[in-house]
S.K.: 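Below: one structure in structure tokens.
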Amino acid sequence: MSLIWLQVGQCGNQIGQEWWHLLCNNASDTDRYPYFSRDGMINAICVDSEPKVIRKLWKRVKKGSLRDSNLIVGRKGRGNNWAFGYSGDGTDTEKSLLARTMESFRHELERRDCYSGTVLLHSLCGGTGSGLGARLCEEIRDTYPAGHILSVAVAPHETGDTPLQHYNSLLCLSWLQRYSDGILLFQNDDIMHRVAALGEKKVPLVSGVEAPVSIAAMNSHIASCLAGLLYPTNTLRTRSAVSVGIEPWEIIRTLCPMTTLKFLHTAQICRRGTPFWDRVTLSLTKNIPRTSPDGRLHHSTSLLAVSRASQDKPFLLSQDSVLMKLKQSYRCVPWNPFPIDYWTALQT
């Protein structure tokens with residue numbers, strides 16, 4: 001019960017809805033424990049400057065799984081402008097959006113036995129996700145400096161989202177680099193290609209152009225990637241087999257050994273039945289980005305492999321070869337003496 005989920009903007013709340021849907025429908029009661037309060041309420045604060053996405057969350061309020069005080073809604077939007085989202089429009093009503101969010105955050109924090117950090121879900125493109133998300137990250141860091149902040153940020157398509165998308169992304173990433181502890185970055189173009197490859201949208205080509213992948217399918221895939229990383233694992237459980245929800249902070253400790261290197265990349269492979277881990281690793285490494293757009297080779301400071309299967313013995317028997325292949329594919333830097341870690345989790 002030590003972390004708080006902060007969903008900001010349309011994108012952050014849509015991904016959040018998919019995350020809670022997965023958690024409520026697929027996770028066991030033991031696995032849900034770290035993400036719910038003692039009274040069974042979801043540990044989430046949902047913020048948006050317009051009501052159209054937040055409106056869907058009232059269903060959870062009526063079911064008694066989400067506090068109505070944790071739905072923070074404005075009326076005017078932020079016009080896809082970072083500065084507008086960061087500073088507001090100057091009116092007393094809209095200025096209170098930041099104050100109301102921090103007040104709700106304080107109340108939620110006081111319900112914790114201890115506070116260890118915040119997972120921030122938002123986009124880099126819109127005015128609310130980028131601007132208000134950056135401002136909230138700054139405020140939380142200044143007010144609660146001992147807590148971790150893990151940003152789950154969605155970058156826009158290379159072209160075509162909004163005229164100010166690159167401006168918004170640059171400024172938001174600057175704030176995240178300054179105030180967060182880790183940035184788990186998803187890119188819309190990459191997610192769209194992944195979902196299309198998984199066959200989420202099996203529609204024939206029209207005039208030689210690929211059929212578009214739905215936003216819902218992309219949000220669902222991002223939530224699935226988060227579940228693969230943040231669901232409780234056997235490796236991090238206590239001796240009494242209880243999960244205390246430290247997965248997000250162990251990810252930061254493991255993958256961000258240097259405070260200036262915060263960007264995280266995730267890749268996921270799902271297989272039914274008994275997995276052959278060498279084949280899984282080969283499929284995974286095929287899609288790893290090798291170079292940057294300007295041709296420079298990518299390198300990684302550290303690497304974390306998370307295995308979720310009905311049995312952990314097959315992974316443990318092949319772990320040396322699997323981890324070596326991942327280390328080579330991700331080009332782990334030679335100066336890190338312990339660049340690789342792994343977690344295992346049993347799934348029924």
Side-chain angles (χ1 to χ4, degrees), residues 2-3 34 116-119 145-153 176-186 225-239 241-269 275-292 296-309 311-347:
S2 61
L3 65 90
S116 59
T118 302
V119 177
H148 296 291
I149 299 177
L150 175 63
S151 167
V152 179
L176 294 177
Q177 177 68 20
R178 185 180 303 177
Y179 295 108
S180 71
D181 296 295
I183 306 167
L184 184 56
L185 188 63
F186 294 92
C225 290
L226 291 178
L229 288 173
L230 303 183
Y231 268 15
T233 60
N234 293 73
T235 304
L236 299 179
R237 293 183 191 273
T238 63
R239 292 183 178 179
V242 174
S243 171
V244 293
I246 63 173
E247 279 77 9
W249 325 134
E250 284 299 301
I251 285 174
I252 291 174
R253 183 192 65 81
T254 302
L255 299 181
C256 303
M258 299 180 65
T259 56
T260 56
L261 302 178
K262 301 178 179 182
F263 287 94
L264 308 175
H265 173 270
T266 181
Q268 182 187 59
I269 292 291
F276 296 92
W277 288 105
D278 289 333
R279 296 181 185 177
V280 170
T281 306
L282 181 62
S283 299
L284 183 68
T285 55
K286 284 181 180 179
N287 299 320
I288 295 175
R290 308 292 181 181
T291 60
S292 63
R296 290 184 294 178
L297 292 175
H298 285 308
H299 294 274
S300 302
T301 56
S302 52
L303 176 67
L304 172 66
V306 183
S307 159
R308 298 183 182 274
Q311 297 179 352
D312 58 4
K313 187 175 180 179
F315 175 81
L316 296 176
L317 290 175
S318 57
Q319 73 176 58
D320 290 339
S321 62
V322 168
L323 296 181
M324 182 56 66
K325 289 177 182 177
L326 290 174
K327 179 180 177 181
Q328 293 172 349
S329 298
Y330 274 96
R331 295 192 182 91
C332 292
V333 292
W335 47 262
N336 186 354
F338 307 104
I340 301 179
D341 196 3
Y342 68 90
W343 301 341
T344 60
L346 296 179
Q347 290 186 326

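Below, all heavy atoms of this structure are taken into account, side chains as well, without hydrogens, waters or symmetry copies.
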S.K.: Parallel, tilted or perpendicular: which fits the ring planes of Trp277 and Phe315, with parallel below 30° and perpendicular above 60°?
M.R.: perpendicular
S.K.: Under the 3.5 angstrom rule, does the side chain of Lys325 hit a backbone N or O of Thr281 as a donor-acceptor pair?
M.R.: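 Answer holds: no.
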S.K.: Tell me if the CD atom of Gln177 is crowded by more than 12 foreign heavy atoms within 6.0 Å.
M.R.: yes
S.K.: Just wondering, more than 12 heavy atoms not from Arg296 lying within 6.0 Å of its CZ?
M.R.: no
S.K.: Please tell me if the side chains of Leu229 and Leu184 come closer than 4.5 Å, counting only heavy atoms from C-beta onward.
M.R.: yes
S.K.: Do Leu323 and Leu303 make a side-chain contact, defined as non-hydrogen atoms from C-beta onward lying under 4.5 Å apart?
M.R.: no
S.K.: Identify the heavy atoms of Gly182 and Cys256 that sit nearest to each other, and give their distance.
M.R.: CA-SG, 4.3 Å
S.K.: Check whether any side-chain N or O of Lys262 sits under 3.5 Å from a backbone N or O of Ile183 as a donor-acceptor pair, and report yes or no.
M.R.: no
S.K.: Is there a side-chain contact between Arg331 and Ser300 (heavy atoms, below 4.5 Å)?
M.R.: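 Contact flag for Arg331/Ser300 side chains = no.
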S.K.: Can you tell me how far apart NE2 (His265) and CD1 (Ile288) are? Round to the nearest 0.5 Å.
M.R.: 7.0 Å
S.K.: Measuring from atom CG of Leu326 to atom CE of Met324, what distance do you get when rounded to the nearest 0.5 angstrom?
M.R.: 10.5 Å
S.K.: How close do Thr233 and Arg308 get, counting heavy atoms only, and between which atoms?
M.R.: CG2-NH2, 3.5 Å
S.K.: When you measure from the side chain of Thr254 to the backbone of Ile251, do you find a donor-acceptor pair of N or O atoms at a distance under 3.5 Å?
M.R.: no
S.K.: For residues 335-346, which side-chain donor-acceptor pairs fall under 3.5 Å, sequence neighbours excluded?
M.R.:
from: Asn336; atom 1: OD1; to: Phe338; atom 2: N; distance (Å): 3.2
from: Asn336; atom 1: ND2; to: Thr301; atom 2: O; distance (Å): 2.6
from: Tyr342; atom 1: OH; to: Gln319; atom 2: OE1; distance (Å): 3.2

S.K.: Locate the shortest heavy-atom distance separating Leu284 from Ala267; write the atom from each residue and the value.
M.R.: CD1-CB, 3.4 Å
S.K.: For the CZ atom of Arg253 and the CD1 atom of Ile246, what is their distance to the nearest 0.5 Å?
M.R.: 8.5 Å
S.K.: Between Val306 and Thr235, does the side chain to side chain contact (heavy atoms under 4.5 Å, CB included) criterion hold? Intermediate values first, please.
M.R.: CA-CA 10 Å; Val306 183; Thr235 304; over 6 Å; no
S.K.: What distance separates Ser151 OG from Phe263 CZ, expressed to the nearest 0.5 Å?
M.R.: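 One finds 9.0 Å between OG of Ser151 and CZ of Phe263.
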S.K.: Just by distance, do the side chain of Ser329 and the backbone of Thr285 share a donor-acceptor pair under 3.5 Å?
M.R.: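 No; zero donor-acceptor contacts below 3.5 Å.
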S.K.: What are the two closest heavy atoms between Tyr231 and Glu247, and how far apart are they?
M.R.: O-CG, 3.7 Å
S.K.: Can any side-chain N or O of His298 pair as donor or acceptor with the backbone N or O of Thr291 at less than 3.5 Å?
M.R.: yes
S.K.: Can you measure from CG (Leu261) to OG1 (Thr259) and round to the nearest 0.5 angstrom?
M.R.: 8.0 Å
S.K.: Answer whether the closest heavy-atom distance between the side chains of Asp278 and Leu282 falls below 4.5 Å.
M.R.: no
S.K.: Show the nearest heavy-atom pair for residues Ser116 and Leu3, with the distance to one decimal.
M.R.: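 Taking every non-hydrogen atom into account, OG-N, 4.2 Å.
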S.K.: Quick one: list whatever passes side-chain hydrogen bond (donor to acceptor under 3.5 Å, both in side chains) with Asp312, sequence neighbours left out.
M.R.: none
